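Down below is the structure, laid out as structure tokens.
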Amino acid sequence: MRSHLLNDTTADRYRRSVTEGVERVAAKLATTDRPFTGVTVDALAPRIEQIDLDQPLHDTTAVLDELEEVYLRDAIYFHHPRYLAHLNCPVVIPAVLGEAVLSAVNSSLDTWDQSAGGTLIERKLIDWTNERIGLGPAADGVFTSGGSQSNLQALLLAREEAKPGWAGRENGDDLAKLRIFASEVSHFSVKKSAKLLGLSADSVVSIPVDHDKRMQTVALAHELDRCKRDGFVPMAVVATAGTTDFGSIDPLPEIAELCAQFGTWMHVDAAYGCGLLTSLKNRDRIDGIERADSVTVDYHKSFFQPVSSSAVLVRDASTLRHATYHAEYLNPRRMVQERIPNQVDKSLQTSRRFDALKLWMTLRVMGADGIGELFDEVCDLAEEGWNVLAADPRYDVVVQPSLSTLVFRYIPAAVTDPSEMDRANLYARKAIFASGDAVVAGTKVGGRHYLKFTLLNPETTVDDITAVLDLIAGHAEQYLGDSLDRAS
Ligand SMILES: *Cc1c(COP(=O)(O)O)cnc(C)c1O
């Protein structure tokens, strides 16, 4: 069994195994003609169920053959131009190379003595990101597993920083006094974080959005004011720079003003909109982000990186101390005096992947402009797609895109019952998924069911968009035809 250990004597096996895997994936990518096969849970589950994990095959080729059956054949392929559903990007090759390197070397970024250069590379990428945001000379941050974790950590820091202004803070019950303000279309991880942080069930105050799905700052000002008057503590405002559903960007400068006025922590959730940090022409859409106390970025959404690759950034490095605990075996306090960089001092995780390497490889091979160019392309595509939808009488389309998302609904002229339209749209989404011809997402707007394209693939064309719209209309019409038959 030692021949399976990756070391000085097994270079050949390593090379052969990985190459064989790479060849399979390359062949797969070259031959997938649809983003999905449409396989059902019922069809796939028994194939996985019947495999006996206590009966190994002892042969890489055989295992890859088996993998074809249980995974590769029926996976969802984000590189396909008709995958239009969630915030999943096609990945760039330098990042995939980084992934192969980082898992083989397997550095763990909790301490210097488990990573050495890896720690310095991560720190440099944090500085690079902070420079792009404009967070100032005292900024810092750390890579995380994703936007949800970044939001959680940012809100942990905000909670701890709110304490000085927090009357009777010795009393644990006072957590109930803290309030977080986020728009009604902010990410659900804000509420989940509030729960994990021990805040009360009604701690997250939902601020209404305007027609463009941007936080209404008049309403925010009103709620902040009311919070203070009622004796509560405005712990944080979460501004979303790129909402998950609409790509809308909250008015950051106005929100920054209000945060300054009320002494409230400003967190910008730019999990999606961070792509604009490299944009060659739309960077100004996130102006005001430089005034944040903390920022969430998901490189695995708009920097074309494989999952996971994310970071939480802070204006004031010293606030990261709220996540610092010392263990004698790992990161004893004296190491701080010895100036040994242990990233675990800043992180919620202990063992931690060297995800930063993927972004490093990407920047070194393609450059930031290369990423920005790709992200600009999908934003342009979304604008063209919006024009197509706006001109198509079969569809109702909401909010002109600030990023690369389109939300729309099939509205046949002959149907006046909105519930029937809901069912037709839901049916169309399911039917198209089952066909595997395309994958689209859905959401609710004003209580009604809508469909959603999240465009993150520069290979997707306007023709793909129009073709998928025709497919959706076809499925919806089929549903409505069938339901007429049922009624008669
Ligand atoms: C995707 C997303 C998140 C969560 O990020 P994960 O990386 O999936 O954990 C948070 N906020 C927004 C606005 C998002 O779009």
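Just so you know, these numbers come straight off a predicted model, no measurement behind them. Just so you know, ligand 1 is whichever comes first in the structure, and atom 1 is the first atom listed for that ligand.
Looking at Val268, Thr454, Asp245, Asp269, it is Asp269 that brings a heavy atom closest to atom 12 (C) of ligand 1.
Classification of the Tyr410-Tyr395 ring pair by plane angle, with boundaries at 30° and 60°, yields perpendicular.
Inclusion of Asp298 in the set of residues having an N or O under 3.5 Å from an N or O of ligand 1 is warranted. For a threshold of 3.5 Å applied to N or O pairs, the pair formed by Ser189 and ligand 1 contains no separation below that value. For ligand 1, the polar-atom distance check against Ser148 finds a nitrogen or oxygen pair separated by under 3.5 Å.
Within the 4.0 Å heavy-atom cutoff, Ala270 does not count among the residues contacting ligand 1.
The side-chain hydrogen bond (donor to acceptor under 3.5 Å, both in side chains) pairs that include a residue from residues 361-371 are Gln305-Thr362, where partners are two or more places apart or lie in different chains.
Of all protein heavy atoms, the one lying nearest to atom 8 (O) of ligand 1 is Lys301 NZ, 4.0 Å. Ranking the protein heavy atoms by distance from atom 6 (P) of ligand 1 puts Gly147 N, 3.3 Å first.
Between Arg321 and Glu160 there is no salt bridge, since no side-chain nitrogen of the basic residue lies less than 4.0 Å from a carboxylate oxygen of the acidic one. A salt bridge is defined here as a Lys NZ or Arg NE, NH1 or NH2 lying under 4.0 Å from an Asp or Glu carboxylate O, and Lys358 with Asp355 meets this definition. Between Arg214 and Glu254, no side-chain nitrogen of the basic residue sits less than 4.0 Å from a carboxylate oxygen of the acidic one, so the salt-bridge criterion is not met.
In this structure, Leu357 and Val105 have side chains that are not in contact, with every pair of non-hydrogen atoms separated by 4.5 Å or more.
Near Gly242, with a cut-off below 4.0 Å to any heavy atom, the atoms of ligand 1 are 13 (C). Near Thr244, meaning under 4.0 Å from one of its heavy atoms, ligand 1 places the atoms 12 (C), 13 (C), 14 (C), 15 (O). Residue Leu87 approaches ligand 1 through these ligand atoms, each under 4.0 Å from one of its heavy atoms: 15 (O). Numbered from 1 in the order shown, with element, the atoms of ligand 1 that lie under 4.0 Å from a heavy atom of Asn151 read 10 (C), 11 (N). Of all the atoms in ligand 1, the ones that sit under 4.0 Å from a non-hydrogen atom of His300 are 7 (O).
Ser193 and Asn151 are not linked by any side-chain donor-acceptor pair at a separation below 3.5 angstrom, with hydrogens and angles left out of the test.
Taking CD of Glu131 as the start and NZ of Lys124 as the end, the distance is 10.0 Å to the nearest 0.5 Å.
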